[in-house]
Amino acid sequence: MTNMVDVISEYLLAPDNNFLSSVYNEASLQFELGAYLKKKFDFPYRADYERNVKFYPLPQVGSANANFTKKEMDIFVYHDAAPANGRFAIEVKYPRNGGVIGRMMNFTKDIKFMEEVKKTFGLNTYCLTIVSDCRYYDKSLNKTYSGAYPELVKFYRRDVINVKVGDNIVKSVVHPYGGKGKKIYGGMELQNSYDIVWNRLLDANGNPIVQTDGLKKEKEEADSAVKGVNGGKGICCYLIEI
């Protein structure tokens, strides 16, 4: 069976696939990644967008009365005869503007939703988040942070590792709670604990990959990004396999 982590890593870091050439916001990321998955999974697999959790091919193994944080899976890879562990649900995020704290809460909502889908249907579930703003991941900013949800901010602002074109994305670490849950992360109750691992994407020359279209702020930061990897700039992502 195709390894989803390998395929997502290839999509982001393959030498012959500059994903930013066709990705400029969250919707384009969802569409382009889904199109890439369609090519990488053999027939009769397919990749659908915005599939409702009540979609008919889903084999339900959990509670018949399950309540879901969200209703639609961003990307659903499956074929009708595939068992639950041969189907894949992926939530994607690529915020280009808006409030950082609010976006972090949306990241957490995706994680919670994928936990629910995993528990109810037994699917392979993933969260892929890509950012171009260091306020999401730069842990040095925690020292002066005095706003709301400090535990949420510290949860996402972690160490950053560097991955180059041709490498594999390093997954975030999942620590099961044993189903007890714990209300942290902006007040949301998750069934697992997570050590978020941010991957800074580097090109073949070891320079940070930067998104320079659209936002003036990012254009201004692009020059400083290529001067060194330690400046807290460039495209970073985390990938969770729940």
Side-chain angles (χ1 to χ4, degrees), residues 5 8-9 12-13 20 26 29 91-112 114-115 126-165 167-177 181-203 206-212 215 217-242:
V5 174
I8 293 175
S9 296
L12 296 175
L13 291 167
L20 286 179
E26 189 170 303
L29 172 63
E91 290 295 294
V92 299
K93 283 284 183 288
Y94 186 15
R96 299 301 307 280
N97 49 39
V100 170
I101 305 305
R103 297 290 188 175
M104 287 178 173
M105 295 188 76
N106 287 336
F107 299 168
T108 311
K109 185 180 291 185
D110 277 358
I111 296 172
K112 183 175 177 64
M114 287 293 93
E115 285 185 341
Y126 304 82
C127 291
L128 172 66
T129 294
I130 297 176
V131 299
S132 55
D133 186 331
C134 66
R135 292 178 296 169
Y136 289 106
Y137 57 80
D138 187 350
K139 71 175 185 179
S140 69
L141 300 175
N142 291 337
K143 297 177 182 177
T144 57
Y145 183 77
S146 59
Y149 302 114
E151 81 290 345
L152 177 73
V153 172
K154 290 179 181 179
F155 173 61
Y156 285 107
R157 290 176 177 168
R158 302 288 186 102
D159 289 327
V160 179
I161 65 173
N162 300 317
V163 291
K164 292 180 64 174
V165 164
D167 291 343
N168 257 33
I169 296 297
V170 177
K171 294 187 299 181
S172 296
V173 181
V174 182
H175 302 284
Y177 276 139
K182 187 176 182 181
K183 289 188 177 180
I184 50 177
Y185 316 149
M188 291 190 185
E189 184 177 9
L190 300 181
Q191 295 303 309
N192 303 305
S193 175
Y194 301 87
D195 290 336
I196 298 298
V197 176
W198 287 102
N199 295 251
R200 180 178 287 116
L201 307 185
L202 308 180
D203 63 21
N207 294 319
I209 297 172
V210 294
Q211 176 71 270
T212 57
L215 300 183
K217 177 176 179 291
E218 290 171 354
K219 291 180 180 178
E220 292 172 346
E221 290 182 347
D223 287 339
S224 62
V226 298
K227 291 177 182 176
V229 209
N230 299 319
K233 311 295 183 183
I235 294 291
C236 287
C237 75
Y238 68 74
L239 176 61
I240 300 175
E241 181 178 14
I242 299 171

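One-based numbering along the sequence shown. Note: hydrogens, waters and symmetry copies are ignored here, and every other heavy atom, side chains too, is used.
- Looking at every heavy atom in both residues, P208 comes nearest to G234 through CB-CA, 4.2 Å.
- Residues satisfying the side chain to side chain contact (heavy atoms under 4.5 Å, CB included) criterion with K164, sequence neighbours excluded, are D167, L202.
- The side chain to side chain donor-acceptor pair (under 3.5 Å) search around Y194 returns E115, N192, not counting sequence neighbours.
- Rounding to the nearest 0.5 Å places CH2 of W198 at 9.5 Å from CD1 of I130.
- Within the 4.5 Å cutoff, the side chain of Y137 has heavy atoms near those of the R200 side chain.
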inquiry  = Go through it in stages, so that I can follow the logic: the residues are I235 and L12, the test is side-chain contact (heavy atoms from CB on, under 4.5 Å), and I'd like the CA-CA distance, side-chain angles, deciding distance and then a yes or no.
reply    = CA-CA 11 Å; I235 294 291; L12 296 175; over 6 Å; no
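- No donor-acceptor pair under 3.5 Å is formed between the side chain of R157 and the backbone N or O of S140.
- Ring geometry for Y156 versus F107: interplanar angle over 60°, hence perpendicular rather than tilted (30 to 60°).
- With Y94 as the aromatic partner, R96 meets the cation-pi criteria of under 6.0 angstrom to the ring centre and within 45 degrees of the ring axis.
- Taking the side chain to side chain donor-acceptor pair (under 3.5 Å) definition, one finds that K139 meets it with D159, sequence neighbours left out.
- E91 CD to M114 CE: the interatomic distance, rounded to the nearest 0.5 Å, is 4.5 Å.
- A cation-pi arrangement is not found for R158 relative to Y238, the charged atom failing to lie both closer than 6.0 Å to the ring centre and inside a 45° cone about the ring normal.
- Side-chain atoms of D133 do not come within 3.5 Å of backbone N or O of V131 as any donor-acceptor pair.
- When all heavy atoms of D203 and V165 are compared, the pair lying nearest together is CA-CG2, 3.8 Å.
- Between atom CG of residue D195 and atom CZ of residue F155 there is a gap of 8.0 Å, rounded to the nearest 0.5 Å.
- Counting only heavy atoms from C-beta outward, the side chains of L201 and C237 approach each other to under 4.5 Å.
- Here Y149 pairs with nothing under the ring-ring contact (aromatic ring centres under 6.0 Å, His included) rule; sequence neighbours left out.
- Scored by the side chain to side chain donor-acceptor pair (under 3.5 Å) test, E241 finds Y126, K171 as partners (sequence neighbours excluded).
- Interatomic distance, N168 CG to I8 CD1, rounded to the nearest 0.5 Å: 10.5 Å.
- Using modelled atom types, no side-chain atom of S172 and backbone atom of I240 make a donor-acceptor pair closer than 3.5 Å.
- Taking both residues in full, the closest heavy atoms of G99 and Y136 are given as O-OH, 4.4 Å, listed atom of the first, atom of the second, then distance.
- A search for side chain to side chain donor-acceptor pair (under 3.5 Å) contacts involving S146 returns nothing, not counting sequence neighbours.
- Expressed to the nearest 0.5 Å, how far CD1 of I101 lies from CG of L152 amounts to 6.5 Å.
- Once rounded to the nearest 0.5 Å, the distance linking NZ of K93 with CG of D110 reads 3.5 Å.
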